[in-house]
Structures are given as structure tokens and as C-alpha cells.
Enquirer: 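Attaching a single structure in C-alpha cells format; questions to follow.
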Amino acid sequence: MTEQAKSPAINFIAAIIAADVSTGKHGGRVATRFPPEPNGYLHIGHAKSICLNFGLARDFDGTCNLRFDDTNPIKEEQEYIDSIMEDVRWLGFDWEERLYFASDYFEQFYEFALLLIRKDLAYVDSLSADEIREYRGTLTRPGRDSPYRARGVEENLDLFQRMKAGEFPDGTHVLRAKIDMGSGNLNMRDPVMYRIMHTSHHRTGDAWCIYPMYDFAHGQSDSIEGITHSICTLEFEDHRPLYDWFIEALELSCHPQQIEFARLNLTHTIMSKRKLVRLVAEGHVNGWDDPRMPTISGLRRRGYTPASIRDFCDRIGLAKKESMVDMALLEHCLREDLNKNAPRVMAVLRPLKVVLENYPAGQTEELDAVNNPGDPGAGSRKVPFGRELYIERDDFMEEPPRKFFRLAPGREVRLRYGYFITCTGVTRDEATGEILELRCTYDPETRGGNAPDNRRVKATLHWVSADHSCPAEVRLYSHLFTKENPAAVEEGEDFTGSINPESLEILMDCRVEPSLAAARPEAIYQFERLGYFCADRHDCREGKLVFNRSVSLRDTWARLQKKA
RNA sequence: UGGGGCGUCGUCAAGCGGUAAGACACAGGAUUUUGGUUCCUGCAUUCGGAGGUUCGAAUCCUCCCGCCCCAGCCA
């Protein structure tokens, strides 16, 4: 149901897979996986990878596993596992029974290590971390062999087993692959396979005090799971020869093909986990799911739909070129989804009272309002109308400029689904001069919004009844950063320097039409003429309505004003 | 001459030797009870640069330039 009859996106990875399928590689089978480390929340960049991996599995009639690469116990927590699973599911993907953890393979990795030692392809090094770094050489100078490189197989076996038994403190020994200290690829200069860490693991507890490095776990995990295509980001390109080396040295039967693609960058936000952590920790935002965050949970709370995010991931394409996608595309995808699906409703964010002088005091009527002009099936609802109303402050100007079509003294406009009204005067605060309310007259002949004499008005305003509308809090969000690329900072500057001080504006005195009184958390509406708003999933409840602006409507009037 | 990648419209991105798709953005116009939506129209004689091969090159060759990643017992 969520999958349209859309033809699968053809990208270079799909092309490679299609070729492999046609030549019968891996028996024509396709198996992918999404392999996060549970050390943070997922963001829109991960969504790209999730859509890619699960999408490829879907398009090629294959499978996609969810595997947690949990090889570093000091960084990982159950909280992250839970949030990641929730986010993947929310995005609309299903790993069925294929939930795996690299930590489930620890015993097997240990056996792999023993095998490499026996083949004299791995050794225990007793250099300190600093010494290892020094022996590694530099980008332009080759490394030197460790003095421990020549240890015999038996001694290595003994030492490694004692490492596992907990006989040595952290940092005293590591297990290294014996490859080539002179390689131009630093990853091949005898990479560390195991380190000693007397730390309990969130899943294996205290069963282990040695933990495999990611590089010694990732490729083999894929192989164990029968992954055919290991899709990852560009920075692992240099690691591919190492993964290949391990799999060949271990003589594993399944040799997944690694393919790298460029990770997603979005304008006006950041994607680095380290920086996102800082935004949360330093209080620049209110948590991982703050609606300004590019996290999946943040986008969700902002009002983004899974379908809009999937559509976005389909549209950005896939390549090896590092790129920066315009946030406007993400917003476009949301608008497109919501324009089609969100019910329309009227809400006034900055209320200005209107009194209809010729409307009978005490009278109330119910007017018909269409729920979605683009979708007849969405039906209609009743909206109460009375003598006193609120309209948007922005919709009135005492001295309107040339192109301002809305209400002004002496001018007639239409109230949506209501009547034509004409402004006859303003009442203001004697002291401050501030406009307190508008005095208007209405034309009873225009009920519903059409004049029998066919006279036209240049504007249609949204409104709510003063007596019947509900109070609401509305949170207006905009870009978290003023700079297109906040990560590109000048020397001595910090990315937090370009945080947008106006990324959140809270409006406490809004009025919404009564049909919103029971808005359920996460319900999304179009507030007519304003934008799409979603009931906050944490703070909105009956009696205390809170809406987040997901994205504004395109606003040509605002653009005209900006130009002037 | 450390290794590995990448350079096509403002932003993404097709293209794979036959004469530059599409999307977003932007700019006009039509329709409109949302200055929304929808609908038209315009928007790279040119593919980082220079040579070369060819009847023909973004696509092949050579050289050059620019950008990114790698020196965690992180992933």
C-alpha cells in the first residue's frame, strides 16, 4: 500500500546489482543490510541509507537485515537501539525476523582471530598506543614493523587466549593483522583487530574483556549473514581492501561486494553525530527530537511524514560525488504530500478582532467548509460564525501599499466560506494608538462567499469566531542555521556561531476553529493560507492545544514584500 | 609519483562515441472562495581546463587544475 507502482530508481548501485543478478552472481540472490552503531539517533542521512538498502531489497525481491554494529561497549546504549528500531519502522520498513547484532558473532570472531594467528597472519603486539602510532608512519612515509611482529604462532596463541581470559589490563596488548607496514593504504599497515577493554557490554555483559575492532567485525558480519552487496559511505572505500583481505584469509564462502556512495548533506543543517550531540548537550535545542533537528525523530515531531521522507530519498539520487542538497527539496516533498492529504482548517496566529456592526448580536450560524478542495472525498465540516471574529493581523493594513489585496479601510474582502465584509473603521487604544479592533459590515447576500451580483473581491481571508474558537499555542520553526553550510567554519570559529536565533518563535495567543479541540497528537492540518501544522506529539492534549509549523505554504506575497 | 575517490545548469542528477533527460530553485503568464494548488512558458551551443583520436567526444587517450577521505587500541 505504501509502495506505488513507481518504477525502481535506477542508480549506479542498482545497475551493479542488476548486472550481478543477470550473471547469476550469488545465485541471483540479493541481500542487503542497514548496519547502524547504536551510539546516537538516526538522522535524515541515515534515512537515505535505509531507503536505499531496504528499497534495493524490495526492488530485487531480496532481503534487508537490520544489524547493530555494537563492537564498542563504551559508546553504545540500549536507548539508541530502541530509538533506531522505532525510527526504521516509522519510516515504513520491516526487517521481519532479521534483527542481528555484531555482538552475537563475538564467539565466531574470536575463532576467526585464532585461525588467522595459526596461519601466521595475525600477532599480538605489546607496543603502547603511542608507539603503534609512531610505527605506523605517516601519509607519505611508510611504517616500520613492530618488534613483536615476529612472535611465533604458539606465543601469539597463548597471549591472545590470556588476553581473552582477562590476564592483562587495558591497553597492554592488541591483536594485529600481519599485512604490510609499507602499504600506501594505512588501513593495511597491520590494523588492530582486537583491543582489551574491561568494560561491560550492553548485550554481552561481562562475558568479554576483549572486543573486536569495527574493521575486524563489519565485513565478516556481512559474510556471516550472507549479504551480497554491502553498501556504505565513501569514507570506507579505503577499508574495502582490508575487508577483502580478511574474507580471503579466512576463506569465507560468502564474499559480499562493498559499494560506496556519497552521504547526504542538507543546507542549513548539520549531519555529524558529534555535532548533533553537542546541540543537544549544550541546550541549543530541546533534545534529540526537537523539531529543528535533522533527526528522524525530530522530523517526525516537526510533522514530516514517512512518505515525504521516502519520496525525498528517491529524488535526491545517488552518486559518489559529495553534494549538498537544498533543504527546499525536502520541504517541497512534504508540501506535496500534505497538499494532497492534509485536511484544511482555519487558525488565526496573531488575532485581530473584527466586529460586524450590522450582524445581529447573539446570533450564530454554521457555515459549510470544504475539508480539502483537491479531494472531494474528504467531505466538509461546519464552522461557526458570529458577530465577533478574529482575522490575521497581517491581513489588515490601514494604509495599504499598491499590491496589498487584503482588508483596508473602505475595502471589501471575502471571509472564506463566510461573507463579504467591508471595513468601516478602526478603534484604537487612546494612549498607544494600537489598533484594538476593526469595525466592519457584512453583506447578508454573500453567505458562503459568493455575491449574487457577481461582484469580485481581490482577497479571501481566513478567520475564526471569537466566541467559538479555541486558544492554542503555535510554535513556528525555521532553519536551525543561518548559513547554508554550517559545518564550513572560519579558522577559530565554531559551527554554533551560525545558529539561527529565530529558529523558534512561540505564539501563545492563537485561536483555532473548534473542530481542532480534540486534535490528536501528530495529526497534521493545513492552516489555510499559512502552512502545515502538526499537533505536538508530546505537548498537545485536549484543553491545551499545541501545534508545530511543519512547513509554510509558498507565499508569493511575502516574496513580493521581500523584494520591495 | 603515499594511497583512495570525485569534478555535467544556482542545487541535486541522467547521460556509457551520434550531436545535453528530469527534479528542486528561480523568472514570466493563465485559472483560482487558500497571494495555496493546478496549468503553460523560459532557464547549460555546453559538460573543471588544455591538447589529441574520430565524419562526429560530456562520453576514448594524454597532460594539467581543483575538491574530498585516510596517520583511533572510533564507527
Side-chain angles (χ1 to χ4, degrees), chain A residues 10-11 35-37 39 69-72 74-76 125 127-130 132-134 136-143 170-176 182-189 191-197 210-211 213-215 217-218 232-241 260 262 264 267 273 315-333 335-336 339-340 344 346 369-370 372-374 403-406 414-418 420 446 448-450 456-462 484 526-531 552-560:
Chain A
I10 295 303
N11 55 59
E37 183 192 14
N39 72 338
D69 274 336
D70 52 351
T71 53
N72 186 352
I74 65 174
K75 288 188 165 184
E76 297 150 7
D125 196 350
L127 252 24
S128 71
D130 283 345
I132 286 181
R133 185 182 319 118
E134 198 190 318
R136 184 154 36 225
T138 69
L139 294 180
T140 50
R141 300 245 128 67
D170 291 6
T172 50
H173 307 277
V174 292
L175 184 71
R176 291 231 249 168
S183 172
N185 181 348
L186 302 226
N187 294 116
M188 301 301 270
R189 319 240 264 229
V192 172
M193 296 160 58
Y194 267 94
R195 71 290 215 186
I196 301 171
M197 291 174 107
I210 56 172
Y211 291 96
M213 297 289 290
Y214 172 85
D215 279 350
H218 186 77
C232 66
T233 44
L234 253 27
E235 70 270 25
F236 292 104
E237 210 150 17
D238 289 345
H239 298 239
R240 185 171 6 113
E260 308 84 10
L264 170 68
T267 60
K273 235 184 237 181
R315 291 203 202 200
I316 52 178
L318 190 72
K320 297 190 73 161
K321 181 175 67 172
E322 305 219 34
S323 58
M324 170 88 59
V325 175
D326 196 332
M327 178 76 86
L329 180 59
L330 217 209
E331 296 177 338
H332 169 82
C333 292
R335 286 195 188 102
E336 194 173 77
N339 175 52
K340 205 167 30 186
R344 267 113 252 230
M346 290 196 283
V370 170
N372 188 339
K403 296 224 167 153
F404 185 85
F405 303 149
R406 282 110 95 144
R414 169 169 42 233
L415 293 181
R416 178 144 237 228
Y417 303 124
F420 282 14
T446 58
N450 285 307
R456 320 292 293 178
V457 289
K458 294 201 80 173
T460 300
L461 309 187
H462 61 277
E484 271 206 353
Q526 183 195 100
F527 287 1
E528 292 217 36
R529 302 209 305 134
L530 297 173
S552 65
L553 250 28
R554 289 185 67 220
D555 189 345
T556 43
W557 168 237
R559 256 188 296 167
L560 279 176

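In what follows, chains are A, B, ... by sequence order, proteins preceding strands, each numbered from 1.
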Enquirer: Using the P atom on both, measure B/U45 against B/C40 and round to a whole Å.
Expert: 25 Å
Enquirer: Under 3.5 Å, is there an N or O donor on one side and an acceptor on the other linking the side chain of A/R344 and the base of B/U34?
Expert: yes
Enquirer: A/A319 near the nucleic acid: base, sugar-phosphate alone, or nothing, with a heavy-atom cut-off under 4.0 Å?
Expert: sugar-phosphate
Enquirer: So, is A/R133 close to the B/G72 phosphate, meaning a side-chain N or O under 4.0 Å from OP1 or OP2?
Expert: yes
Enquirer: Work out how far the P atom of B/C64 is from that of B/A25, and round it to whole angstrom.
Expert: 42 Å
Enquirer: Whom does B/G22 pair with, Watson-Crick or G-U wobble, provided both distances fall under 3.5 Å?
Expert: B/C12
Enquirer: Give me the distance, rounded to whole Å, that separates B/G42 from B/G22 when you measure between the P atoms they each carry.
Expert: 11 Å
Enquirer: Please report the distance, rounded to the nearest Å, between CD in A/E322 and P in B/C69.
Expert: 7 Å
Enquirer: Between A/R315 and B/G22, does any side-chain N or O lie under 4.0 Å from OP1 or OP2?
Expert: no
Enquirer: For B/C6, which nucleotide in any strand shown is its Watson-Crick or wobble partner with both distances under 3.5 Å?
Expert: B/G66
Enquirer: Applying a 4.0 Å non-hydrogen cut-off, can you work out what A/F236 is touching in the nucleic acid: base, sugar-phosphate, or nothing?
Expert: base
Enquirer: Classify A/E237 by what it touches in the nucleic acid, base, sugar-phosphate, or nothing, heavy-atom distance under 4.0 Å.
Expert: sugar-phosphate
Enquirer: Enter the distance from A/I316:CD1 to A/D326:CG here, rounded to the nearest 0.5 Å.
Expert: 12.5 Å
Enquirer: Need one value for A/R406: base, sugar-phosphate or nothing, where a base atom within 4.0 Å counts as base even if backbone is also close, heavy atoms only.
Expert: base
Enquirer: Provide the distance between the two P atoms, one in B/G66 and one in B/G49, to the nearest whole Å.
Expert: 15 Å
Enquirer: When you compare B/C65 with B/A50, how far apart are their C1' atoms, in angstrom units rounded to a whole number?
Expert: 10 Å
Enquirer: Return no unless some side-chain N or O of A/T71 is found under 4.0 Å from OP1 or OP2 of B/A75.
Expert: yes
Enquirer: Looking across every strand, which nucleic acid part, if any, lies under 4.0 Å from A/L530 by heavy atom: base, sugar-phosphate, or nothing?
Expert: nothing
Enquirer: Classify the nucleic acid contact of A/P142 as base, sugar-phosphate or nothing, counting any heavy atom under 4.0 Å across all strands shown.
Expert: nothing
Enquirer: With a 4.0 Å limit, can you tell me whether A/H332 has a side-chain N or O closer than that to the phosphate oxygens OP1/OP2 of B/C24?
Expert: yes
Enquirer: Would you give the length of the straight line joining atom CG of A/L553 to atom CZ of A/R335, rounded to the nearest 0.5 angstrom?
Expert: 7.5 Å
Enquirer: In whole Å, what separates the C1' atom of B/G4 from that of B/G15?
Expert: 26 Å
Enquirer: As a quick check of understanding, evaluate side chain to side chain contact (heavy atoms under 4.5 Å, CB included) for A/D130 and A/E134, giving each step before the final call.
Expert: CA-CA 6 Å; A/D130 283 345; A/E134 198 190 318; over 6 Å; no
Enquirer: When we call it a touch if two heavy atoms are under 4.0 Å apart, what does A/L139 touch: a base, just sugar-phosphate, or nothing?
Expert: base
Enquirer: Using a cut-off of 4.0 Å on non-hydrogen atoms, how would the nucleic acid contact of A/D238 be classed: base, sugar-phosphate, or nothing?
Expert: base
Enquirer: Please tell me if A/K320 has a side-chain N or O lying less than 4.0 Å from either OP1 or OP2 of B/G4.
Expert: no
Enquirer: Any donor and acceptor pair, going by atom type alone, linking the side chain of A/N185 with main-chain N or O of A/D238 inside 3.5 Å?
Expert: yes
Enquirer: Any side-chain N or O of A/R335 below 4.0 angstrom from OP1/OP2 of B/U38?
Expert: no
Enquirer: If only side-chain N and O atoms of A/R189 are considered, is one of them under 4.0 Å from the OP1 or OP2 phosphate oxygen of B/G2?
Expert: no
Enquirer: What is the nucleic acid contact for A/L264, judged by heavy atoms within less than 4.0 Å: base, sugar-phosphate only, or nothing?
Expert: nothing
Enquirer: Can you tell me if A/S183 uses its side chain to pair, donor with acceptor, with the backbone of A/M188 under 3.5 Å?
Expert: no
Enquirer: What's the gap between B/A20 and B/U46 when it is taken at their C1' atoms, as a whole Å value?
Expert: 7 Å
Enquirer: Quick check on B/A75: is either OP1 or OP2 less than 4.0 Å from any side-chain nitrogen or oxygen of A/K273?
Expert: no
Enquirer: Using a 4.0 Å heavy-atom cut-off, does A/S323 contact any base of the nucleic acid, only the sugar-phosphate backbone, or nothing at all?
Expert: sugar-phosphate
Enquirer: Roughly how far apart, to the nearest Å, are B/A23 and B/G18 at atom C1'?
Expert: 27 Å
Enquirer: I want to confirm an ordering. Mapping A/D170 and A/F527 to their closest nucleotides on RNA chain B, which one lands closer to the 5' end?
Expert: A/F527
Enquirer: Is A/M213 touching bases, backbone alone, or none of the nucleic acid, heavy atoms closer than 4.0 Å?
Expert: sugar-phosphate
Enquirer: Please figure out whether A/R195 or A/Y417 has its closest RNA chain B nucleotide nearer the 5' end.
Expert: A/Y417
Enquirer: Taking O4'-C1'-N9-C4 for purines and O4'-C1'-N1-C2 for pyrimidines, is B/G72 syn (within 90° of 0) or anti?
Expert: syn
Enquirer: Check for a donor-acceptor pair, side chain of A/R416 on one end and backbone N or O of A/A369 on the other, with a separation under 3.5 Å.
Expert: no
Enquirer: Okay, side chain of A/N372, backbone of A/R344: is any donor-acceptor separation there less than 3.5 Å?
Expert: no
Enquirer: Just name whichever nucleotide pairs with B/A71, Watson-Crick or G-U, keeping both distances under 3.5 Å, else none.
Expert: none
Enquirer: What is the ring orientation for A/F236 with A/H218, classed by angle as parallel under 30°, tilted 30 to 60°, or perpendicular over 60°?
Expert: parallel
Enquirer: Would you indicate what A/Q526 reaches in the nucleic acid, counting non-hydrogen atoms under 4.0 angstrom: base, sugar-phosphate, or nothing?
Expert: base
Enquirer: Under 4.0 Å between any heavy atoms, over every strand shown, what does A/K403 touch: base, sugar-phosphate, or nothing? Just pick one.
Expert: base
Enquirer: NA contact type, A/Y194, heavy-atom cut-off 4.0 Å: base, sugar-phosphate, or nothing?
Expert: nothing
Enquirer: So, OP1 or OP2 of B/C24: does either fall under 4.0 Å of a side-chain N or O from A/R554?
Expert: no
Enquirer: Which nucleotide, if any, forms a Watson-Crick or G-U wobble pair with B/C39, using both distances under 3.5 Å?
Expert: B/G29
